Enquirer: 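Pasting a structure below so you can have a look.
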Protein chains: 2
Amino acid sequence: MENIERIAQLYPVIMRVMGRIRSIVHEGMDLTYNQYKMLLTIYDKGSCPLNLLARELQIAMSSASEMVDRLVNLGFVYRTVDEGNRRQVIIYTTDKGEELIRDLRRGIVENYRTLLAKLPERDQERLVQSFETLAEILGTLE
Amino acid sequence: MENIERIAQLYPVIMRVMGRIRSIVHEGMDLTYNQYKMLLTIYDKGSCPLNLLARELQIAMSSASEMVDRLVNLGFVYRTVDEGNRRQVIIYTTDKGEELIRDLRRGIVENYRTLLAKLPERDQERLVQSFETLAEILGTLE
DNA sequence: GCAGAATAGTTCGTATGCCGAAATGTTAGT
DNA sequence: ACTAACATTTCGGCATACGAACTATTCTGC
């Protein structure tokens, strides 16, 4: 079969298993996966203007603003006006948010460990290799 | 870095690009991606009991029932009671639904073609190979 | 320096998607 | 016949998403 068709065919298969992995690995978390991604993005950057956050997460500004609302209500982040450009809002993690993200990261890695322990060492290697290749090639499409 | 950590790190990266691909490839479709997946699942099987549909799509029965409602309202599928087991509901595609799914499939493959044309032949091969490997390995985890 | 454009964010209405609990109907087991 | 198990639907509730309309701020051109 032609490459393109094969890719079109495999896409939903991959998404299905990736979704399954997510639900296993993020099982029992206090945050949804999307909230986790947002908090992680802010945490990794130290702080993040809202418009950049929306771009990184590939969602509309309005959606990003609403998600930030929820994270603020949960006490994990806070907003400040950028004094250098008062139109802009910068999001920071609170101490509580940073603590959470560290805990979650640890837990997630542990869950991956448990999940992937079912695979022979060789397949783990191939998995990492495929992940790296995907990230590399698909990254160039953006 | 340890395999597990690398996988945990790459997962969101992959999901991000895969999401980007979805939004490009399914751009301008009359159905959401989830609706497309559901319609495709029914189409590929010819017909599908609701409970199987929910299992395949990895969603709760109640969610599946609601999604079927929407597809019924759009005129793409219909429900019938299984006379062999009157508790069970079987979903069928309508002619309109089948026509749509064939059109969408064609359009989607075309969009993949345009998108992936940016990649050198060699990277296309590597991409297919990685997809195959992922599908194979992750499939064993289920 | 000021009018109008551009930028950044928020709020609102609407829709999808998702879940669990409760209710309904159907079948199977004893 | 009674009860348990099964299949589905409906309901309430929440997260996510978008675009449109609105406010506030900054930039640009004249």
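Note on naming: letters A, B, ... go to the chains in the order of the sequence lines (proteins, then strands), and numbering restarts at 1 for each one. These numbers come from the heavy atoms of this one structure, side chains and all, not from hydrogens, waters or symmetry mates. Since this is a predicted model, take the numbers as computed values, not measurements.
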Enquirer: Using modelled atom types and a 3.5 Å cut-off, is there a donor and acceptor pairing between side-chain atoms of A:S65 and backbone atoms of A:M61?
Expert: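 Side chain of A:S65 to backbone of A:M61, a donor-acceptor pair under 3.5 Å: no, none is there.
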
Enquirer: Just the rounded figure in Å: distance from P of D:dT16 to CG of A:L57.
Expert: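 Taking CG of A:L57 and P of D:dT16, I get 11 Å after rounding.
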
Enquirer: Mind calculating the distance between CD (B:E27) and P (D:dC18) to the nearest angstrom?
Expert: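 So the CD-P distance, B:E27 to D:dC18, works out to 13 Å.
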
Enquirer: Hydrophobic cluster membership, with links at side-chain heavy-atom distances under 4.5 Å among I/L/V/M/F/W/Y: are A:I21 and A:I108 in one?
Expert: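 As far as the 4.5 Å side-chain criterion goes, A:I108 and A:I21 are connected within one cluster.
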
Enquirer: Got a donor-acceptor contact below 3.5 angstrom from the A:T41 side chain to the A:K37 backbone?
Expert: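 Such a contact is found between A:T41 side chain and A:K37 backbone.
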
Enquirer: More than 12 heavy atoms of other residues, nucleotides or ligands under 6.0 Å from CZ of A:R20: is that the case?
Expert: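 For A:R20, atom CZ is not crowded (no more than 12 foreign heavy atoms under 6.0 Å).
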
Enquirer: Counting only side-chain nitrogens and oxygens, does A:R70 get under 4.0 Å of the OP1 or OP2 atom of D:dT16?
Expert: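 Looking at the OP1 and OP2 atoms of D:dT16, one of them is under 4.0 Å from a side-chain N or O of A:R70.
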
Enquirer: May I ask you to verify if any side-chain N or O of B:S65 is less than 4.0 angstrom from the OP1 or OP2 atom of D:dT8?
Expert: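 Negative; the distance criterion is not met.
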
Enquirer: Same cluster for A:L52 and A:Y78 if Ile/Leu/Val/Met/Phe/Trp/Tyr side chains link at under 4.5 Å?
Expert: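 No; tracing contacts between hydrophobic side chains, which count when under 4.5 Å, never links both residues.
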
Enquirer: Reckon A:T32 has a side-chain N or O less than 4.0 Å from the OP1 or OP2 of D:dT16?
Expert: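 It does, given that an N or O in the side chain of A:T32 lies less than 4.0 Å from OP1 or OP2 of D:dT16.
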
Enquirer: Can you check the B:K37 NZ to C:dG17 C1' distance for me, whole Å?
Expert: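 So the NZ-C1' distance, B:K37 to C:dG17, works out to 11 Å.
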
Enquirer: How many Å lie between CZ on B:F76 and P on C:dT16, as a whole number?
Expert: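 The distance from CZ of B:F76 to P of C:dT16 comes to 13 Å, rounded to the nearest Å.
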
Enquirer: Could you state the atom-to-atom distance from CG of A:N73 to P of D:dC14 in whole Å?
Expert: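 Nearest whole value for this atom pair: 13 Å.
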
Enquirer: Are B:T93 and B:E98 close enough that a side-chain donor and a side-chain acceptor fall under 3.5 Å?
Expert: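 B:T93 vs B:E98: donor-acceptor pair found between side chains.
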
Enquirer: Would you mind reading off the distance between B:R55 atom CZ and D:dC6 atom C1', rounded to a whole angstrom?
Expert: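 Atom-to-atom, B:R55 to D:dC6, this comes out as 12 Å.
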
Enquirer: Are any side-chain N or O atoms of A:E132 and backbone N or O atoms of A:Q129, one a donor and one an acceptor, separated by less than 3.5 Å?
Expert: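 It does not hold such a pair.
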
Enquirer: Would you kindly give the CG-to-P distance between A:L53 and D:dT16, to the nearest whole Å?
Expert: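 Distance check: A:L53 CG to D:dT16 P gives 13 Å.
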
Enquirer: Nearest whole Å is fine: how far is D:dT9 P from B:I90 CD1?
Expert: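 Distance check: B:I90 CD1 to D:dT9 P gives 12 Å.
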
Enquirer: Could you run down nucleotides 19-30 of chain C 5' to 3' and tag each one B, S or - for protein heavy-atom contact under 4.0 Å?
Expert: BB----BBB---

Enquirer: C:dT7, OP1 or OP2 - any side-chain N/O from A:N51 closer than 4.0 Å?
Expert: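 Checking C:dT7 against A:N51, no side-chain N or O comes under 4.0 Å of OP1 or OP2.
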
Enquirer: Mapping A:Y33 and B:V89 to their closest nucleotides on DNA chain D, which lands nearer the 5' end?
Expert: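 The residue mapped nearer the 5' terminus is B:V89.
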
Enquirer: Compare side-chain N and O positions of A:N34 against OP1 and OP2 of D:dA15 and report whether any pair is under 4.0 Å apart.
Expert: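 Result: no.
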
